[in-house]
Amino acid sequence: MMNLSSRLKELRDLKNRIVLITGASSGIGQAAAFEVARRGAIVVLVARNELKLNQVAQQCMLYSGRPAFAFALDVANPAAIDKTLSQVRHEVGAVDVVINAAGFGDMEPAVDTDPEVTDRMFRVNVLGLIYITRQLASDMIDKHYGAIINIASVAAKIPTPKAAVYTATKTAVVGYSDVLRQELRPFGIQVTTVNPGACCDQLLQYRRSRRRLLVKSCQLHCDASTGS
């Protein structure tokens, strides 16, 4: 049996390894795609925005000198996940590393968060991650090799106001990953959780939410003034 240090060293060597990244069209997912491409990986990019994905794929090929693949996918759709992962297995091969970076947040007070937004956030941030991981982990078990990297958030460790639902989703990711790590360790599969702070995309979303609140406040003020 390969010891732990040897296995970790092997996992860090990404040359010609197949690395699937969700949320790869922007933000952390895009940055991860560029980094693994620089290390010689064959990158499989997954996100909703096909145009941006193709642009990222072109850049990855320049970095790696190897093929890069783009698959348009909404990770909130289980049937679409089934179809896409089947395509990846057929067209690219077995995934060695998955980086689950797809996710979003809507920075609103808990009582103001729309139920549809809550539902969507859990489907993207948690359920999509779990569904993709379940399938790819099964493949990794068969070959006793693989790495799963789940992008959570510092919000799961340090909760802040106006992020209740987002914090709940990322806390779920941490808990799921902690148990998954114990279950997959006997098969030589590494499970890592990353808890980054706010990135540019998240700050932009926050500013947009603040603008929406200001617009809503102005509308309510105007309506009140008109009615008086």
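Every heavy atom of this structure was used, including side-chain atoms; hydrogens, water molecules and symmetry mates were not.
- Looking only at side-chain heavy atoms (C-beta outward), P196 and I28 come within less than 4.5 Å of each other.
- By the 4.0 Å N-to-carboxylate-O rule, K143 lies too far from D139 to be salt-bridged with it.
- Using modelled atom types, no side-chain atom of E108 and backbone atom of T113 make a donor-acceptor pair closer than 3.5 Å.
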| field | Trace of the side chain to side chain contact (heavy atoms under 4.5 Å, CB included) decision for L85 with L20 | value | CA-CA 10 Å; L85 293 184; L20 185 145; 4.0 Å; yes

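- Between I21 and G29, the closest heavy-atom pair is CG2-O, 3.6 Å.
- Under the 3.5 Å distance criterion, with hydrogens and angles disregarded, no donor-acceptor pair is assigned to the side chains of N150 and T192.
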| task | Might you work through the side-chain hydrogen bond (donor to acceptor under 3.5 Å, both in side chains) test for D178 and T193, ending with a clear yes or no? | result | CA-CA 8 Å; D178 287 347; T193 309; 4.7 Å; no

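- A donor-acceptor pair under 3.5 Å is formed between the side chain of T167 and the backbone N or O of A163.
- Scanning all heavy atoms of the two residues, the minimum distance from V92 to I18 falls at O-CD1, 3.6 Å.
- Here ring pair (Phe, Tyr, Trp, His ring centres under 6.0 Å) pairs that include residues 16-45, with residues two or more places apart or in two chains, are F34-Y63.
- Not one N or O on the side chain of N100 forms a donor-acceptor pair closer than 3.5 Å with the backbone of T22.
- Listed here is the closest heavy atom pair of A57 and A68: O-CB, 3.6 Å.
- By the 4.5 Å heavy-atom criterion applied to side chains, D96 and Y145 are counted as neighbours.
- In this structure, A76 and V124 approach most closely via the heavy-atom pair CB-CG2, 4.0 Å.
- Taking 4.5 Å as the limit, some side-chain heavy atom of N16 sits within range of a side-chain heavy atom of R66.
- Here the side chains of M140 and V98 are in contact, with some heavy-atom distance below 4.5 Å.
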Please table the atom pairs, donor to acceptor, closer than 3.5 Å between any side-chain atom in residues 41-55 and protein atoms at least two apart or in another chain.
residue: N49; atom: OD1; partner: L51; partner atom: N; Å: 3.2
residue: N49; atom: OD1; partner: K52; partner atom: N; Å: 3.0
residue: N54; atom: ND2; partner: E50; partner atom: O; Å: 3.2

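- Side chains of I99 and V19 form a contact here, defined as non-hydrogen atoms less than 4.5 Å apart.
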| Trace of the side-chain hydrogen bond (donor to acceptor under 3.5 Å, both in side chains) decision for N125 with Y166 | CA-CA 8 Å; N125 296 9; Y166 179 74; 5.9 Å; no

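- A152 and V173 make their closest contact through CB-CG1, 4.0 Å (heavy atoms, listed as atom of the first residue, atom of the second, distance).
- Of the charged side-chain nitrogens involved, none lies within less than 4.0 Å of a carboxylate oxygen, so that D106 and K162 do not count as a salt-bridged pair.
- Of the charged side-chain nitrogens involved, at least one lies within less than 4.0 Å of a carboxylate oxygen, so that E35 and R39 count as a salt-bridged pair.
- Side chains of Y176 and R181: a donor-acceptor N/O pair is absent below 3.5 angstrom, by distance only.
- Residues V75 and I81 share a closest heavy-atom pair of O-CD1, 3.3 Å.
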